[in-house]
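In what follows, chains carry the letters A, B, and so on, assigned in the order in which the sequence lines appear, proteins first and then strands, with residues in each chain numbered from 1.
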There are 2 protein chains.
Amino acid sequence: VTLVGPADRIRTELARNPSAAGLPISLVDAPDVVRMDEAPLVALRRKPRASVKVAAGEVAAGRAQALFSAGHTGATFFAAHAAFGVLRGTARPALAVTFPTRTGSAILVDAGANLDCRPEHLLAFGVMGACYAEITLSCDRPRVGLLSVGEEAGKGNDLIREAHDRLAASPLFFIGNVEARDLFAGGADVIVCDGFTGNVALKVGEGLVDAIEAMLGEEAAAAPTAEAGALAMRETFGRLKRRIDYAERGGAPLLGLAGLAVIGHGRSSARAIRNGILTASRLAEADLVRRLREALEGQRAKGRRQRELKGRRPKGT
Amino acid sequence: VTLVGPADRIRTELARNPSAAGLPISLVDAPDVVRMDEAPLVALRRKPRASVKVAAGEVAAGRAQALFSAGHTGATFFAAHAAFGVLRGTARPALAVTFPTRTGSAILVDAGANLDCRPEHLLAFGVMGACYAEITLSCDRPRVGLLSVGEEAGKGNDLIREAHDRLAASPLFFIGNVEARDLFAGGADVIVCDGFTGNVALKVGEGLVDAIEAMLGEEAAAAPTAEAGALAMRETFGRLKRRIDYAERGGAPLLGLAGLAVIGHGRSSARAIRNGILTASRLAEADLVRRLREALEGQRAKGRRQRELKGRRPKGT
């Protein structure tokens, strides 16, 4: 583990923590920090020694195998994008968030990196999401669904209807549209959507869990069996919240970059940071980027063959 | 109350219910039904005597003041659209759903009627949502927010960024972007979004509540204080679920039609149906359609003045 940031502050923190002594932690000094309220591109231009930029540089130079950051998501995205470049076959790196379902886990992609998408982007998200699910969910043949307002093909906005056709024509195990209310039912391993919708879906979930927690407290206080019931419920909901809190599960990788970047939640606990670093380490060991490159290359080759069979010229891509 | 549908089936149901005897309920025969799995426009064309079409006709003819249906949402939308037409100043009728927040209630518009929107549609949703909030939430000056991925102006996709500028220039009390995780916090009275995003946001909420209920049962069973705690929790969560279940709150009006149509949730209970009919009745008494017409006309007049001041011709609208 290499910690990148203001060296004096990191040394002070490490010195305050006796259990850190002797751990194989190295340190790279980066005096600048991108604050959460800064415009990321402007901040990165003005601060060449910003920690996230220096950390991405360490990976690009081969001195580290993956970047993890729980700081400014946009800054991490742009720093990694500039340092690594993107894989052929995807114009857009996408954020893949693993979230809990009734039966296990599922992956939402894109969770917020691309707010305006075209149908071909959603196809690439499906290809990359399936590849990631094979590694992390141990699926042999991940079930890929498309987030929409109805299960039937043809339900959705223009983007979704076109993306549906492309996913259906791909070699993916495409199970069709998935309604938002079935997101947690466990019927799909990978849920594809544009980043705007993905961000809204995840954040609605977060906000609702917080609201339910507060309301349960009020309900319990007003209940006739208040004392014992309230205590039991707070304990139980606390366990449940940890179970469903994807922030605790460690980081979410950016799929589609030619290097490995893992993004942590802005409100990560120490445990979440540890889990995020572990995630980055495991994805590096599993050679995620090489496997994504191969998956995208396979999809591109299939697209070329299909177009040749149809005797048409490729459009744009 | 006028019940519209297959007369023999309605009479049989009424006869089975002794408390219905003597109630001021009239009956209009409509032998056909649009099934949930039918394409709505095709079904309405093939079935001129479909119940929702006949019911919309009753309102258009002035024999009823509002239409309520918990059947096929798309069929209700198109039947009402064809029978009533739309108000000037809005190209698109929008579904306005009232949902619970930590401090009271808020209105989400559009909750699914328009899956592809332009910025001017979102402005009209804000104008109509504010008018509806004045009536149903008793707000003097409803706080209107725009659902996006960040609070700052400029955060969002192309649609949201343009809609933000239009809302900011309108006479509405526009509080800017609202993040999805703050949806239930109570900071806004009206949340504006396109129908695709709105549908996803609401349905994620529904799905998560169902998943939490199931998980709480599992957690409670596994807890050391299982017996008493589980019972208390199930009771408490049941109350909470009824509190947050917007399906129970009665219907959601389509704002922007020149007649009143209220849509019930597909999984409405008898109580929800009663509440939906009550909602329709109250909105008719409050003269919602006339007030929406005036609000849209005011917005149009302001738009004309602004364009005249700028010395420009109106584009399109």
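Using a 4.5 Å cut-off between heavy atoms, A:Thr101 contacts chain B through its backbone alone, with no side-chain atom that close.
Highest contact tally toward chain B, considering only A:Thr197, A:Asp158, A:Leu183, A:Leu147, is held by A:Asp158 [criterion: heavy-atom pairs under 4.5 Å]. Per-residue heavy-atom pair counts under 4.5 Å with chain B were compared for A:Ser148, A:Ala185, A:Gly112, and the maximum is reached by A:Ser148.
Closest non-hydrogen pair, A:Val204 versus B:Gly205, comes out as CG1-N, 4.2 Å. In plain terms, the two heavy atoms of B:Ala211 and A:Arg102 that are nearest each other are CA-CD, 3.8 Å.
Residues that satisfy the salt bridge (charged side-chain N to carboxylate O under 4.0 Å, His left out) test with B:Asp165, not counting sequence neighbours, are absent from this structure.
Within the model, atoms CG of A:Asp116 and CG of B:Asn157 stand 5.0 Å from one another, a figure rounded to the nearest 0.5 Å.
Sequence neighbours left out, the pairs with a member in residues 181-197 of chain A that pass salt bridge (Lys or Arg N to Asp or Glu O under 4.0 Å) are A:Arg143-A:Asp189, A:Arg181-B:Glu206, A:Arg181-B:Asp210.
Counting heavy atoms from C-beta outward, B:Ile212 and A:Phe184 have side chains that stay 4.5 Å or more apart.
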